[in-house]
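Nothing here was measured: the structure is a model prediction, and the numbers come from that model.
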Amino acid sequence: QVQLVESGGGSVQAGGSLTLSCTDLRNTYSGHCMAWFRQAPGKEREVIASIARDNSAHYAFFAEGRFTISKDNSKNTLYLKIDNLKPEDSAVYYCAADYFPPSLCELGSPFGYWGQGTQVTVSS
C-alpha cells in the first residue's frame with residue numbers, strides 16, 4: 001500500500017521559490033506514475049504535472065515555465081519546484097501516485113493514491 005506524505009509548504013513572498021516534497025513512507029512505490037495537484041479555496045482541484053517511471057513529464061498549460069516536477073527513486077520522493085511564486089499559487093498542494101506505465105501516465109490519469117496535502121500561501 002502506498003502512503004504518501006507531502007512537505008515543504010509554507011508562507012512565502014511573491015517572487016520567491018519553493019520546493020515541495022512527497023515521500024512514499026512505505027517505500028513501495030518504485031517510481032511509477034506520480035503527479036502534483038493543487039486546490040485553492042472555492043476552486044476545483046487542478047493537476048499541475050505528472051511524471052512517469054521513465055522520467056517523462058507532462059505539464060498543465062499554466063504550469064509550463066514556473067513549475068518543475070522531478071523525482072528521486074532511490075529516496076521514493078517526488079518533488080515540485082515552483083519559481084516566481086504568485087499570490088494565485090496559494091493553495092493546498094497534493095501529490096498522487098499509481099501504477100501506470102509511462103504510456104498511460106498523463107495529466108488526466110485516475111490516480112488512486114493521495115497524500116494529505118501541504119499548504120502554500122503566497123503573499124504580495
Side-chain angles (χ1 to χ4, degrees):
Q1 189 80 10
V2 178
Q3 184 176 356
L4 304 174
V5 177
E6 301 94 337
S7 61
S11 297
V12 295
Q13 292 282 340
S17 296
L18 202 63
T19 298
L20 307 179
S21 300
C22 170
T23 301
D24 174 10
L25 294 182
R26 300 195 180 185
N27 295 327
T28 61
Y29 197 61
S30 301
H32 287 245
C33 180
M34 303 188 78
W36 284 100
F37 291 75
R38 70 182 184 182
Q39 186 167 20
K43 295 188 177 181
E44 292 188 355
R45 185 176 63 196
E46 59 181 354
V47 63
I48 301 169
S50 63
I51 187 166
R53 182 174 59 219
D54 62 359
N55 287 325
S56 57
H58 299 277
Y59 290 90
F61 180 77
F62 75 86
E64 293 181 1
R66 293 196 301 118
F67 294 75
T68 304
I69 190 171
S70 62
K71 59 185 176 68
D72 185 337
N73 290 344
S74 67
K75 298 181 179 179
N76 288 292
T77 300
L78 174 74
Y79 302 98
L80 181 71
K81 187 174 187 291
I82 314 170
D83 294 314
N84 190 23
L85 280 155
K86 303 177 180 181
E88 52 264 40
D89 293 324
S90 297
V92 178
Y93 284 72
Y94 300 90
C95 67
D98 218 307
Y99 299 94
F100 304 127
S103 60
L104 297 178
C105 185
E106 300 174 349
L107 297 178
S109 297
F111 294 93
Y113 301 97
W114 294 82
Q116 83 290 346
T118 185
Q119 176 71 48
V120 173
T121 302
V122 184
S123 57
S124 57

Practice task
Please check if the side chain of T118 supplies one atom and the backbone of S7 the other of a donor-acceptor pair under 3.5 Å.
Solution key: no
Exercise for the section: Kindly determine whether Y113 and D98 satisfy side-chain contact (heavy atoms from CB on, under 4.5 Å), including the steps that lead there. Expected result: CA-CA 6 Å; Y113 301 97; D98 218 307; 4.2 Å; yes
Exercise for the section: Step through it carefully: locate the ring centre of W36, locate the ring centre of F67, and say whether they are under 6.0 Å apart. Expected result: no
Problem - Validation row: Y94, C22 side chains within 4.5 angstrom (heavy atoms) - result: no
Handout entry: Under 3.5 Å donor-acceptor, Q116 side chain and V5 backbone
Key = no
Handout entry: Spacing of W114 atom CH2 and C95 atom SG [to the nearest 0.5 Å]
Key = 9.0 Å
Handout entry: Side chain to side chain, Y59 and T68, heavy atoms closer than 4.5 Å
Key = yes
Handout entry: Donor + acceptor pair across side chains of T23, T77 (<3.5 Å)
Key = yes
Completion exercise
Tightest non-hydrogen contact, residues Q119 and A91, listed as NE2-O, 3.4 Å
Practice task
Hey, could you give me the CG/OG distance between L104 and S50, rounded to the nearest 0.5 Å?
Solution key: 11.5 Å
Handout entry: Interatomic distance, E106 atom CD to C33 atom SG [nearest 0.5 angstrom]
Key = 8.5 Å
Side chains of residues 80-87: which donor-acceptor partners sit under 3.5 Å, not counting sequence neighbours?
| unit_1 | atom_1 | unit_2 | atom_2 | d |
| --- | --- | --- | --- | --- |
| K81 | NZ | D83 | OD1 | 2.3 |
| K81 | NZ | D83 | OD2 | 3.3 |
| D83 | OD1 | S17 | OG | 2.9 |

Problem - Residues forming a salt bridge (charged side-chain N to carboxylate O under 4.0 Å, His left out) with E46, sequence neighbours excluded - result: R38
Handout entry: Single-linkage hydrophobic cluster, 4.5 Å side-chain cutoff, Y79 and I48 together
Key = no
Handout entry: Shortest non-hydrogen contact between F111 and A96, atoms and distance
Key = CB-CB, 3.6 Å
Practice task
Give, for atom NE2 of H58 and atom OG of S109, the distance between the pair rounded to the nearest 0.5 Å.
Solution key: 8.0 Å
Fill in the blank from the handout: In short, A14 meets S124 closest at the heavy-atom pair CB-CA, 4.2 Å
Exercise for the section: Apply the test side-chain contact (heavy atoms from CB on, under 4.5 Å) to residues D24 and M34: give CA-CA distance (whole Å), side-chain angles for both, the deciding distance (0.1 Å), then the verdict. Expected result: CA-CA 11 Å; D24 174 10; M34 303 188 78; 5.8 Å; no
